[in-house]
Amino acid sequence: MSAEAVEVTAESTADGAVFGADTVQKAEAIVARYPQSRSALLPMLHLVQSVEGKVSQAGIEFCAAQLDLTAAEVSAVATFYTMYKRKTCGEHLVSVCTNTLCAVLGGDEIYKTLGEHLGSDGKRLGHNETAGEPGAPGSITLEHAECLAACDLGPVIQVNYEFFDNQTPESAVTLVNALRAGEKPQPTRGAPLRDFRTAELELAGFFPEDDADYRATVDGPSAAVETLRGAKLAEDSGWTAPAMPNPPLPEVPAK
C-alpha cells in the first residue's frame with residue numbers, strides 16, 4: 001500500500017458520532033426533496049463533507065444508512081467525483097485550472113508557483129495537499145483542476161468554487177497570502193467568499209433563512225464583459241439566428 005493510501009485510510013476512520021442530530025435532520029430534509037431517496041446521494045455527500053471537511057468512511061456509512069444503500073454503492077459515487085475529498089481539506093480549497101487554454105495562458109506556471117510558495121522544507125505542495133493544519137484557520141488545500149468552464153477569462157482560479165479571473169503567478173500568490181492571513185478577498189464573479197465547509201453546506205442546499213442574510217450570501221456579479229462580448233456584438237450589428245423548428249414532442253406511453 002502506498003504512503004498516500006495509508007494516509008487516506010488513516011483519515012477515513014472517524015467516529016460516526018460526529019454526525020449529530022442536526023446533521024441527521026438536514027439529511028432527512030435532503031431526502032424529502034426527491035421522489036426516490038437514492039437521488040439525494042450527491043447533496044448528502046456535500047452535507048457530510050461540510051461536517052468533516054472530507055468524505056470519510058464514517059461519512060460514507062452515514063449516507064448509506066440514510067439512503068438504504070450499501071457502503072460500496074456510496075463509495076462508488078464518492079470516489080468518482082473529484083469534488084468529494086478523501087483527505088481533510090483546508091479552510092480554503094484553491095483550484096487552479098490547468099486545462100489546455102488556461103495552461104497555455106499561464107495556468108501551469110500559476111500552479112507551479114503556488115506549489116512552491118505553499119510548500120515547506122524545500123518540497124513543493126502537490127495536488128490535494130494542504131499547507132497548514134487541515135481545517136484550521138488559514139490552511140489551504142491546493143489542487144489542479146482540469147476545466148473550470150471559464151476559458152474566456154483564463155487563467156482562472158477558484159477558491160471554494162468562487163472565481164478569481166485573469167490570474168498571474170504574482171496575483172495568485174497575493175490571493176493565497178490574503179487567505180492565510182484570515183482575509184476573504186472578493187471574487188471576480190459570484191457570491192462573497194466563504195470557507196470550504198460553508199460552501200459545502202450551501203452545495204447541500206442549506207442557506208441562511210433570513211432573506212437579507214441569504215441575499216448577502218448569494219448575490220454577486222455572475223457575467224463578465226468578456227463572456228457577453230459576442231452577444232453584444234451581435235446585438236449592435238443586428239445579427240439574428242434563424243428560428244429553430246419547434247415540433248411537438250412525441251407521445252410517451254404511460255408506465
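Side chain of E61 to main chain of A58: no donor-acceptor pair is present (N/O by atom type, distance under 3.5 Å, no hydrogens or angles). Using a distance-only test at 3.5 Å, with no hydrogens or angles considered, a donor-acceptor pair links the side chain of S139 to the main chain of A136. Of the possible donor and acceptor atoms, one in the side chain of D210 sits under 3.5 Å from a partner among the backbone N and O of A212. The closest donor-acceptor contact from the side chain of D195 to the backbone of E91 lies at 3.5 Å or more, if one exists at all. In this structure a side-chain-to-backbone donor-acceptor pair under 3.5 Å is present from Y84 to L42. No donor-acceptor pair closer than 3.5 Å links the side chain of T88 to the backbone N or O of G53. Checked by atom type and distance alone, the side chain of R197 pairs as donor or acceptor with a backbone atom of V51 at under 3.5 Å. Looking only at distances, a side-chain donor or acceptor of Y111 sits under 3.5 Å from a matching main-chain atom of H127. Between the side chain of R189 and the main chain of A224, no donor-acceptor pair closer than 3.5 Å is present. Judged by distance alone, with hydrogens and angles left aside, the side-chain atoms of T188 form a donor-acceptor pair with the main-chain N or O of D165 at under 3.5 Å.
Counting heavy atoms of neighbouring residues, nucleotides and ligands inside a 6.0 Å radius, atom CG of D68 does not exceed 12 of them. The 12-atom threshold is not exceeded at CZ of R38, counting heavy atoms of other residues, nucleotides or ligands nearer than 6.0 Å.
By the 4.5 Å heavy-atom criterion applied to side chains, V24 and F62 are counted as neighbours. Counting heavy atoms from C-beta outward, T217 and P192 have side chains that stay 4.5 Å or more apart. L47 has its side chain within reach of T23: a pair of non-hydrogen atoms, C-beta onward, lies under 4.5 Å apart. No side-chain heavy atom of E109 sits under 4.5 Å from any side-chain heavy atom of T168. For the pair K26/F19, no side-chain contact is recorded, criterion being any heavy-atom separation below 4.5 Å from C-beta on. Put simply, the side chain of T141 does not reach to within 4.5 Å of the side chain of E129, judged on heavy atoms. P187 has its side chain out of reach of F163: every pair of non-hydrogen atoms, C-beta onward, lies at least 4.5 Å apart. Between K184 and L179, the closest side-chain pair of non-hydrogen atoms is not below 4.5 Å.
Taking all atoms of both residues into account, the shortest heavy-atom contact from A40 to L67 is CB-CD2, 4.0 Å. Here the closest heavy-atom approach between residue V31 and residue S37 is recorded as CG1-CB, 3.9 Å. When all heavy atoms are compared, the tightest approach of L175 to Q167 is CD2-OE1, 4.5 Å. Taking both residues in full, the closest heavy atoms of D213 and P208 are given as CB-CB, 3.7 Å, listed atom of the first, atom of the second, then distance. Contact record, V176 with I140: O-CD1, 3.7 Å, taken as the closest heavy-atom pair. Here the shortest heavy-atom pairing between A223 and L228 reads CB-CD1, 3.9 Å.
Note: the hydrophobic cluster containing V225 does not contain V156 (ILVMFWY, side chain heavy atoms under 4.5 Å, direct or indirect links). Linking ILVMFWY side-chain heavy atoms closer than 4.5 Å, directly or via other members, places V173 and L193 in a single hydrophobic cluster. The hydrophobic cluster containing V96 does not contain L153, counting ILVMFWY residues as joined when their side-chain heavy atoms lie under 4.5 angstrom apart, directly or transitively. Side-chain heavy atoms closer than 4.5 Å link hydrophobic residues (I, L, V, M, F, W, Y) into clusters, and following such links, possibly through other members, connects L69 to Y81. Note on V74: it clusters hydrophobically with V55, by side-chain heavy-atom contacts below 4.5 Å among ILVMFWY residues.
Ion pairing between R194 and E202 holds under the 4.0 Å rule for side-chain N and carboxylate O. The residues D108 and K112 are annotated as not salt-bridged, no charged nitrogen and carboxylate oxygen being separated by less than 4.0 angstrom. Ion pairing between a basic and an acidic side chain is recognised when a charged N comes within 4.0 Å of a carboxylate O; E143 and K85 show such pairing.
Residue pairs meeting the ring-ring contact (aromatic ring centres under 6.0 Å, His included) criterion with at least one partner in residues 181-209, sequence neighbours excluded, are F207-Y214.
To the nearest 0.5 Å, atom CD1 of residue I110 and atom NE2 of residue H144 are 14.5 Å apart. Rounding to the nearest 0.5 angstrom, the gap separating the NE2 atom in H117 from the CG atom in L125 is 11.0 Å. Interatomic distance, E146 CD to C97 SG, rounded to the nearest 0.5 Å: 8.0 Å. With rounding to the nearest 0.5 angstrom, the CG atom of L93 is 7.5 Å from the CG atom of N128. Rounding to the nearest 0.5 Å gives a distance of 11.5 Å between OG of S50 and CE of M44. Put simply, SG on C89 and CD on E52 are 12.0 Å apart, with the number rounded to the nearest 0.5 Å.
Remark: the T174 side chain and the S171 side chain contain no N/O donor-acceptor pair separated by less than 3.5 Å.
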